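Here the structure is a predicted model, which means the values were calculated and not measured. Values reported hereafter were calculated over all heavy atoms of this structure, with side chains retained and with hydrogens, waters and symmetry mates removed. Chain letters run A, B, ... following the sequence lines, proteins first, then strands; residues in each count from 1.
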Protein chains: 2
Amino acid sequence: MPRGGAGRIKGSQGERARARKELRAALLAAARELAEESQGFEAVTIRKVADRVGYAAPVVYEYFANKRDLLHAVVTNGFADLADRLDAAEPTVEAAAAVVWDFAVEEPYRYHLMHSLADVPFGTSGTPASAVRCFELLKAAVTAAAPDHFASTVDDDAATDLFWAQAHGLITLAFNGRVKGGRERARALLDCVATALRTPSQADSLSRGHE
Amino acid sequence: MPRGGAGRIKGSQGERARARKELRAALLAAARELAEESQGFEAVTIRKVADRVGYAAPVVYEYFANKRDLLHAVVTNGFADLADRLDAAEPTVEAAAAVVWDFAVEEPYRYHLMHSLADVPFGTSGTPASAVRCFELLKAAVTAAAPDHFASTVDDDAATDLFWAQAHGLITLAFNGRVKGGRERARALLDCVATALRTPSQADSLSRGHE
DNA sequence: GCTAGTGTCTACCACCGTTAGAAAACTTGG
DNA sequence: CCAAGTTTTCTAACGGTGGTAGACACTAGC
């Protein structure tokens, strides 16, 4: 008997489809929670995930092809959540930076997985739509920060990449205890970078190198 | 009989100590090679590592407490190699950026492990000496790029953190196919960031936020 | 040659991802 | 309301994993 969810799957076709969706989501959530509790996805086990929602291990394979597929789903799910948050925030670099930072603080292991799981490319057609949404929302914020400078140099994409890279690098280093002043300092540095994007000189130097 | 190394361990105490050191290094190298060949450290197995140097699995535990310890050693080893390369290069940001980039290109999985393995902090006393050496060499390059601006604001450390974070973020994103123009573009952006560090306005904006 | 001690291996443990196949529960059509 | 057929779910198993125990072989030093 299931402990975590809405009971076994039964009912007419429509009900069953809904119940299946719910169970899938529950499995995803279980994997996520397990990772945060156990401080890492290495500890996330098919058996434990199934157990947490009150099922035996093989049920997982009714919803995901294999473990990699499950983790992949956790990642795209994470980008969807992040995109929702970016959407809800003001379209400014500072706000976007805050959203990304807070996300990493709240779910550090999911954040880490989102950026370390192989086979989740961005440029290709296999890119999750949620990830593309994240990039576009971030781009809107970056472009809004210095519209005059980037508009002419055609390089909103590069500026967004750079800003994302700076934020992600700072988060990675800070969360691994590699920034000298600790997390607070890293957070301050990120804010500093964000506001610096607004100054013309910075934007100039960014766009100078590649036209 | 060992395939990969210098024969079984025997001889007088001095010889034995040397042979043990060699075997330890061989195990480390085997783990590294296996990861690059198999495209990831998930595929690195105690048995495979031992096999590659011609031994049975339990030998590994004569040199490392457990798998985590082995990977930890791979990481500190990686920082030592990176530090050596930084030391050999010119003390400029451009050269430092090139060194880090090339390292990531040549051994992407070791590079990734160096930044993703938990329990390898920087600030604390448990920080590997090789990692500290990397940071100091990088700091020297960054400081040399804009000596007047950073000297007065006491923030060489922060500037180094930011540059390292930018480089690392760019590498991570680029190698996961997440930078719009591909790796070449990411490489160009990194160079652009490096040279931008030289312009006073950039240095100003960096140091402005935190005094 | 013998003794200590080191190096190394085989055999095993619990657990992992994953699959096969049977059993149970249910919907559906009459 | 019952039989047929579908779907859900489980137990059992396979090979491989990290890790340990204990036996065996060999070597150094006397």
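Of the candidates dT8(C), dT7(D), dG17(C), dT8(C) carries the atom nearest the I9(B) side chain, counting heavy atoms from C-beta on. The listed nucleotides are dT18(C), dG18(D), dC9(C); the one nearest the side chain of T45(B) is dG18(D). Here dT20(D) is the nucleotide among dT20(D), dT18(C), dT8(C) with the atom lying nearest to any side-chain atom of P58(B). Considering only the side chain of Y61(A), dT19(C) comes nearest among dG19(D), dT19(C), dT9(D). The nucleotide whose nearest atom lies closest to any side-chain atom of E62(B) is, among dA21(D), dC10(D), dT8(C), dT8(C). Closest approach to the K67(A) side chain among dT20(D), dT9(D), dG17(C) is made by dG17(C) (side chain taken as heavy atoms from C-beta onward). The nucleotide whose nearest atom lies closest to any side-chain atom of N66(A) is, among dT18(C), dT27(D), dT8(C), dT18(C).
In this structure, E22(B) pairs ionically with R18(B), as a charged nitrogen and a carboxylate oxygen lie closer than 4.0 Å. The residues K139(B) and D157(B) are annotated as salt-bridged, a charged nitrogen and a carboxylate oxygen being separated by less than 4.0 angstrom. A salt bridge between E106(A) and R85(A) is present, with a side-chain N of the basic residue lying under 4.0 Å from a carboxylate O of the acidic one.
Residue R20(A) places at least one side-chain N or O closer than 4.0 Å to OP1 or OP2 of dT8(D).
Atom CG in D51(A) sits about 11 Å away from atom P in dT11(D), given to the nearest Å. Between the C1' atom of dT27(D) and the CZ atom of R16(B) lies a distance of 9 Å, rounded to the nearest Å.
Contact annotation for R68(B): no contact, since no heavy-atom pair falls under 4.0 Å across all strands. Counting non-hydrogen atoms under 4.0 angstrom, V60(B) reaches nothing in the nucleic acid.
Between the side chain of R47(A) and the base of dG17(C), at least one donor-acceptor pair of N or O atoms lies under 3.5 Å.
Atom CD of E90(B) is surrounded by 12 or fewer heavy atoms from other residues, nucleotides or ligands within 6.0 Å.
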